[in-house]
Structures are given as C-alpha cells and as structure tokens.
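If you're wondering where the values come from, they're calculated on a predicted model, not measured in any experiment. The sequence lines fix the lettering, A, B, ..., with proteins before strands; numbering per chain opens at 1.
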Amino acid sequence: MDTARREALRQGGGISLLALVAAAGWLTPGEACAAEAWNKAAFDTHSLDATVKALGGSAPTPSKDVTFFQTPDIAENGAVVPVGIASAIAKTESIAILVEKNPNMLAAVFDFPAGTEPSIMTRIKMAQTSTVYALVKADGRYHVASREIRVTLGGCGG
Amino acid sequence: MADPTRIRANVTGETTEVRVLMAHEMESGQRKDEQGKVIAAWFIRNVTVTWNGKTVLAAQWGPAVSKNPFLSFKFKGGAKGDKIVVTWVDNRGERRTDEAAIA
C-alpha cells in the first residue's frame, strides 16, 4: 500500500499531487476540492466513551427517542446484519452505529443535513453476538440507545 | 473500475425515499489468506448523496459495513425527474459517482 501518497493527500501539502491526479483525469477539479474527511481516530476506538470523545462529544445520555427498526434480534449471518436506526430528537445532526465486540467499535457515521429525515437503514458486519449502539448527535449533545444482536455465524474472520 | 452503484429514488407526497446499493468488496482487514497473511483492508470511507446538487446525506464508514453496501433514507422535497447523485471514495482513493432520476 502506498502510504506516502496517502499521507501526502491527507496533509494539505498534497496540492501538487492532487493537481497531478486531476491532470491524469482521475478527478475533475470540482471533485478534488470536496476532499472528503475521514475521522481515523474515531474508527480506531474500542469503547463507546472513546468513540464519542473521538467524535468530539462527551458522555452520551440514554434515550428512548432513539429506536431500532428492521433490525433482527438474531442474525444468522454476521457478514450481513440489517440495522435501521431512527431518531425522534429535534435537531438530529448525525447517527453513528457502534458494535461493542467488533475489532473496532465504530461501523458508520451518517450526517443528516436539515430536510433529511434522521433515520437510516444499512447492513453491517458483526464478529460475534454483541451489543449494538445507536449514537445520536442532536443540537451538539449525544444520546444513545442499545440493542443486543445475537450472531450465529461471525462476519469478520475466516 | 468498480461496478455501477444502483440507485432507486421514489417520491411519495413530499418525501423522497432513496435506496442505494454499491458494488464494493468492503474487505475488513481482519481476514487471512491461505498463507495466513492478513488481507489488507479495502473499504468505502466516504459516501455523499446529493439531490439537484444539494447534499442530502453524508457518511463516513469503517470496514464493518457489509460487502456491497446498502443504505436507504428519506428526505423532504424532490420531484419526478430530479437528479440524485451518489459518490463514494474508498481507502485506496478510488471513487465512483453514479446518478439516477427520481421516479
């Protein structure tokens, strides 16, 4: 893996490199400007508190307004576990999915601009039976709900 | 180049439901090959969905999202024929952009 290139891209110093990439036709200039941010620290965490901290928040409050839908109690295949999460909290900005017993806890973070319903349905991998957390950021505060999902066949190793 | 992203967008009343199916290996970085060597992680890190150029959903993913990722969500607004664009970027810097019209 070409880590040097990646590092250069991550730092602002990669402008000339980006220009090269653009010249090679891989990116149009417009796309290159919208350089995507990826919170590496948050995706490296192993606990709920550490993840919230890496996302820039403090201890989340348990909330009944954060709910799971179309989410099984028992997943036969840990490689494909459907998870739906909805937030009824006003000014919900983002929803994150965390799996306690995965090698890294954070699976995904979704940001909801105004006008988008704070509700998401996706599929995740689970290494084993685990508590799954739905972490909601609303009006700068963090709220959490959890659900245990039993996994018959793990979806990470092999 | 990766296979196209499949996008379905349907408007009902004032709400548009978007369903997206991306073609990606989403290698976890946990698996090993026959020689016992770890297979390097390869996964989509960023997803952006726009409606007529306005972002309606942005996501950051780790390798724990399933292979050939699926997602669905709803936003207010949208009319038949409006353009929905889905872009993803993976940890190798590869990207793919696909679009569909709201039905």
Side-chain angles (χ1 to χ4, degrees), chain A residues 1-2 5-6 9 21 26-28 31-32 34-40 42-45 55 70 77-84 86 94-99 102-127 154-158, chain B residues 1 14-22 26-33 38-51 53-78 85 87-97:
Chain A
M1 174 68 62
D2 191 352
R5 171 179 174 268
R6 207 149 304 287
L9 280 168
V21 170
W26 295 354
L27 302 173
T28 65
E31 283 174 329
E36 280 81 4
W38 192 69
N39 191 335
K40 185 176 188 305
F43 281 97
D44 276 344
T45 57
L55 290 170
Q70 290 179 29
N77 182 0
V80 189
V81 183
V83 176
S94 69
I95 295 178
I97 306 172
L98 290 77
V99 184
N102 268 6
N104 295 300
M105 213 166 157
L106 185 59
V109 187
F110 297 91
D111 292 328
F112 300 90
T116 301
E117 286 184 18
S119 163
I120 190 80
M121 169 85 214
T122 186
R123 298 175 189 149
I124 59 166
K125 292 178 235 175
M126 290 179 65
C156 282
Chain B
M1 193 46 144
E14 294 179 344
T15 310
T16 300
E17 180 178 22
V18 183
R19 285 177 296 160
V20 181
L21 188 62
M22 296 164 228
M26 297 301 284
E27 187 59 59
S28 69
Q30 306 290 331
R31 295 198 314 145
K32 292 180 178 150
D33 63 17
V38 172
I39 303 169
W42 177 32
F43 58 97
I44 294 175
R45 297 207 303 192
N46 292 93
V47 180
T48 313
V49 183
T50 63
W51 158 49
K54 171 186 180 281
T55 298
V56 285
L57 187 77
Q60 293 181 44
W61 287 355
V65 172
S66 298
K67 176 177 175 171
N68 297 333
F70 168 82
L71 74 97
S72 85
F73 69 99
K74 292 173 183 171
F75 67 87
K76 282 201 187 70
V85 178
T87 301
W88 58 251
V89 186
D90 70 19
N91 65 322
R92 293 182 184 171
E94 290 168 25
R95 62 171 57 224
R96 167 142 205 127
T97 299

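- For T15(B), the part sitting under 4.5 Å from any heavy atom of chain A is the side chain, from C-beta outward, and nothing else.
- Heavy atoms closer than 4.5 Å to chain B are found nowhere in A96(A), neither backbone nor side chain.
- Looking at I39(B), neither its backbone nor its side chain comes within 4.5 Å of chain A, counting heavy atoms on both sides.
- For the atom pair CE of M121(A) and CZ of F73(B), the computed distance is 14.5 Å after rounding to the nearest 0.5 Å.
- Heavy atoms closer than 4.5 Å to chain B are found nowhere in V99(A), neither backbone nor side chain.
- The two atoms that bring K67(B) and K125(A) nearest to each other are N-CE, 4.2 Å, heavy atoms only.
- Looking at E27(B), only its backbone comes within 4.5 Å of chain A, counting heavy atoms on both sides.
- In terms of heavy-atom pairs under 4.5 angstrom with chain A, the leader among K54(B), M26(B), Q60(B), K76(B) is Q60(B).
- How far CH2 of W61(B) is from CD1 of I97(A): 9.5 Å, rounded to the nearest 0.5 Å.
- Using a 4.5 Å heavy-atom cutoff, the side chains of I120(A) and L57(B) are in contact.
- If you measure heavy-atom distances from F43(A) to chain B, the contacts under 4.5 Å come from the side chain alone.
- Contact count versus chain A (heavy atoms, under 4.5 Å) is highest, among S66(B), S72(B), P63(B), for S66(B).
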